[in-house]
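Below is one structure, written out as structure tokens, with a few remarks after it.
FYI, the numbering just counts along the sequence from 1. In what follows, every heavy atom counts, from backbone to side chain, and hydrogens, waters and symmetry copies are set aside. Each ligand, and each atom within it, is numbered from 1 in the order the structure gives.
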Amino acid sequence: MRKFIGGIAVLIPILLLAACGPDGSILGQGGKELKLAHNQSLDHPVHKSLAEFARLVEDKSEGEISVEIFANGQLGSEREAIELTQTGAVDLSKVSASALESFESDYSIFSVPYVFEDYQQFEKAMNNKEVTDRLYLQTEDIGFRALTYYNAGERNLYTKNREVKDVSGMEGLKVRVQPSQTSVGMIESFGAVPTSMAYGEVYTALQAGVIDAAENNETALVNNNHGEVAKYYMYTEHQIVPDMLIMNSARFDRFSEEEQQVILEAAEESTIYHEDVWKETIKENTEIAKNEMNVKFVEVDKQSFIDSVQAMHEDFAQSEKTGEIYKLVKGAAE
Ligand code: GCU
């Protein structure tokens, strides 16, 4: 029944999106009103940066192009948002790079645990044009391109009631991961039991005990309320997975060169804007989680986690599918 209602909830907005414009074009496919889908709440830092993107697009195009944002996963999970962007039912969506892994294997690079030693290495890779050109344009043949990325912090483990000090403490723990094969492999390498599910289901799954743990940045605790049910947050810093802003390729190509420039500039500027909003929110959220939600923040023996995933690095570097992107990103990061 829940699935059925959920299906209807997803279908209604899609039907609304398919409303026809005055020239018979499908809104979101024809006019200059762009629809953008994402799964975060209105007070999440990524939403604020997407709103800034929308403002910049409108401003730079002198009101010619507008962007309407559908937040809170109203149009479905990230997987569904990617599929809607592929078909052009929505023009843009913001999704985690991990969710893109099953569409384009290059995106798996971000889910390889400890591929970056720290955020500086990640930034270096993302400021390398060879890396971003390859990633952003790689998916054109499957219907979309990326415009930019947003900092989504370092991903850390959080549990309902187990304090984990090193990787041996992971044994038997049921951990939710994003729908990413690489993340599944990571949790197995840690000695725990992975379950992949859409983000919107994590709170209930934690509460009901279907899973014991999840892993994400600090906004999960406060913006998504997971701190109400998860009381230990371990600084494992195992992944730095950016959020990606993707756009339907045909829709992008129908804009004039000048308009494309406006969209790309707005995207890039919103990424810069996002950096400060992000840092501020992480500081605030950590305080709120500690003081108001009684979440304990725990330092771990990070090296034990790093050691447990060395074989994954060798596999990635040697695999025909991922070897090239692995070497490119590693080279750019160092
Ligand atoms: C991050 C990311 C989301 C994603 C979520 C997840 O919060 O910003 O886009 O959905 O991780 O773990 O699924």
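In this structure, K35 is not positioned above the aromatic face of F70 in the sense of NZ or CZ being under 6.0 Å from the six-membered ring centre and within 45° of the axis.
Ring geometry, F190 versus F305: the interplanar angle exceeds 60°, so the pair is classed perpendicular (tilted spans 30 to 60°). Classified by interplanar angle (parallel below 30°, tilted 30° to 60°, perpendicular above 60°), the ring pair F122/F116 is perpendicular.
For R155, every heavy-atom contact with ligand 1 shorter than 4.0 Å involves the side chain, none the backbone. Residue-level proximity to ligand 1 for E218 is absent, since no heavy atom of it falls below 4.0 angstrom. Residue contacts with ligand 1, taken as heavy atom pairs separated by less than 4.0 Å, do not involve H38 at all.
Of the options N216, V202, V46, the smallest heavy-atom separation from atom 7 (O) of ligand 1 is shown by N216.
Close approach of ligand 1 to Q178 is summarised as follows: ligand atoms under 4.0 Å from at least one heavy atom of the residue are 4 (C), 5 (C), 6 (C), 11 (O), 12 (O), 13 (O). Near K94, the atoms of ligand 1 lying under 4.0 angstrom from a non-hydrogen atom of the residue are 3 (C), 8 (O), 9 (O). Each of the atoms 9 (O), 10 (O) of ligand 1 lies under 4.0 Å from some heavy atom of N39. Numbered from 1 in the order shown, with element, the atoms of ligand 1 that lie under 4.0 Å from a heavy atom of R176 read 6 (C), 12 (O), 13 (O). Residue Q40 has at least one heavy-atom neighbour below 4.0 Å for each of these atoms of ligand 1: 3 (C), 7 (O), 8 (O).
Although no hydrogens or angles enter the test, the distance criterion places no donor-acceptor pair under 3.5 Å between the side chain of E314 and the main chain of A311.
Outside the 6.0 Å centre-distance limit, the rings of F53 and H274 are not counted as a close aromatic pair. Taking the six-membered ring wherever Trp is involved, the centroid distance between the rings of F110 and Y149 does not fall below 6.0 Å.
Residue contact check for ligand 1: E215 places no non-hydrogen atom closer than 4.0 Å to it.
Of all protein heavy atoms, the one closest to atom 2 (C) of ligand 1 is D243 OD1, 3.3 Å.
A salt bridge between E52 and K48 is absent, with no side-chain N of the basic residue lying under 4.0 Å from a carboxylate O of the acidic one. Under the 4.0 Å criterion applied to side-chain N and carboxylate O atoms, D212 and R162 are not assigned as salt-bridge partners.
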